[in-house]
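Remember, predicted model here, so these are calculated numbers, not experimental data.
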Amino acid sequence: MSAAEARHRLTVPVLLDGWQIECCGTPPAVGDQVSWWLEWSKWSASAIPTDMALRARLARRSVPEGFRARTTEGTVPAVAMAGGVRAFVSVPEPLPAEITLTGVLHEDHHSARSPDDRRTCGRVTAVWLVSWEYELRDRCWRPVDGRAELESVQRAPKFMPRSTPPERGGYWRDTNSVLVELETSDGPPAAS
C-alpha cells in the first residue's frame, strides 16, 4: 500500500443488528469486502465504548419523498464524511461544519435512502459477537450501557445464539449483535 493510499484509509468499528443479518444480510467474516450504509447516533456513542473519535465534515442530506428521516424537532438529516467513511447523522440546526463521531457506527440496510447516498466500502479486519446485558425497566428490557461483552470469531453466524429473558425481571444477557472492525477506502463499491 502506498503512503497516499494509507492516508485515505480509516479503520472504524461498525455494529450490525443480528435481526438484520438473519432477515436478509450476509454474516460478515474477516477478509470480506463490503459496501454498507452507515449511521451514527448518540446511542451509538455510548452503546459500546471504543477509542473512535472520528472528526468528520457535514453536508445536509436529502431524504426521499414519503420517507421519514430519523430526526427530531430542531435537527436536520446530514451525512458525516471522513476519508472513505460516509454516515447518516441527525444534527442540531443550524447545520455545523463538522462533528466528532464516537463509540461505533451502525450498519442499517432497512433505513430510507436517498438515491445519492454513498455507501462506505472496505474490508472487514475483525469480527466479534456482542452479548448485551439487559435490565427490565418500565416493563421493557433495555440494554445497560457499558456492559456489552465481545467474543472474537472469524465469521458471524447467520442466526444469533439467542436466550430467553427471565420471567421475573432483573438482569438478562443476550447475544444479538455483531461488531466488526472495518478498514475503509475511497475505492469503488464492493459487493456486499
Treating [X] as the side-chain partner and [Y] as the backbone partner, does any N or O pair qualify as donor plus acceptor under 3.5 Å?
X      : Y      : result
Ser44  : Leu105 : no
Ser177 : Leu15  : no
Arg55  : Glu98  : no

Quick one: are [X] and [Y] in side-chain contact, heavy atoms under 4.5 Å?
X      : Y      : value
Gln20  : Asp108 : yes
Asn176 : Asp17  : no
Leu54  : Trp40  : no
Val89  : Leu101 : yes
Leu179 : Pro13  : yes
Arg118 : Val79  : no
Pro166 : Leu136 : no

Look at the side-chain heavy atoms of Ile, Leu, Val, Met, Phe, Trp and Tyr, link any pair under 4.5 Å apart, and say whether [X] and [Y] land in one connected group.
X      : Y      : result
Val153 : Val30  : yes
Val34  : Val12  : yes
Leu150 : Val180 : no
Ile99  : Leu10  : yes
Met160 : Leu16  : yes

Working to the nearest 0.5 angstrom, can you tell me the gap between [X] [atom1] and [Y] [atom2]?
X      : Y      : atom1 : atom2 : value
Glu107 : Leu38  : CD    : CG    : 7.0 Å
Glu183 : Arg123 : CD    : CZ    : 5.0 Å
Trp19  : Arg162 : CH2   : CZ    : 10.5 Å
Leu58  : Met81  : CG    : CE    : 7.0 Å
Asp32  : Thr125 : CG    : OG1   : 11.5 Å
Arg142 : Glu133 : CZ    : CD    : 15.5 Å

How far apart are the closest heavy atoms of [X] and [Y], and which atoms are they?
X      : Y      : result
Trp36  : Leu182 : CE3-CD2, 4.2 Å
Ala53  : Thr102 : CA-CG2, 4.3 Å
Ile21  : Thr26  : CG2-C, 4.4 Å
Pro27  : Arg155 : O-NH1, 3.0 Å
Pro28  : Val127 : O-CG2, 4.0 Å
Pro143 : Tyr134 : N-CD2, 3.5 Å

Residues Asp174, Trp141; criterion side chain to side chain contact (heavy atoms under 4.5 Å, CB included); working and verdict = CA-CA 11 Å; Asp174 189 38; Trp141 288 102; over 6 Å; no
Check the angle between the aromatic planes of Trp43 and Trp132 and answer parallel, tilted or perpendicular using the 30° and 60° thresholds.
->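 Tilted, since the angle between the ring planes falls between 30° and 60°.
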Do we get Arg119 above Trp37's six-membered ring, with its NZ or CZ under 6.0 Å from the centre and within 45° of the axis?
->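 Yes, Arg119 lies over the aromatic ring of Trp37.
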Could you tell me whether Glu151 atom CD has more than 12 heavy atoms of other residues or ligands within 6.0 Å of it?
->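 Counting neighbours around CD of Glu151, 12 or fewer heavy atoms of other residues, nucleotides or ligands fall under 6.0 Å, so no.
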Heavy-atom count around Lys42 NZ within 6.0 Å, excluding the residue itself: above 12?
->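 Open: at most 12 neighbouring heavy atoms sit under 6.0 Å from NZ of Lys42.
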Give the C-alpha distance, both sets of side-chain angles, the deciding distance and a yes or no for side chain to side chain contact (heavy atoms under 4.5 Å, CB included) between Val178 and Leu129.
-> CA-CA 5 Å; Val178 173; Leu129 295 181; 4.1 Å; yes
Cut-off 3.5 Å, side chains only: do Ser90 and Thr75 have a donor facing an acceptor?
-> yes
Electrostatic pair Glu135-Arg147, nearest N-O below 4.0 angstrom = no
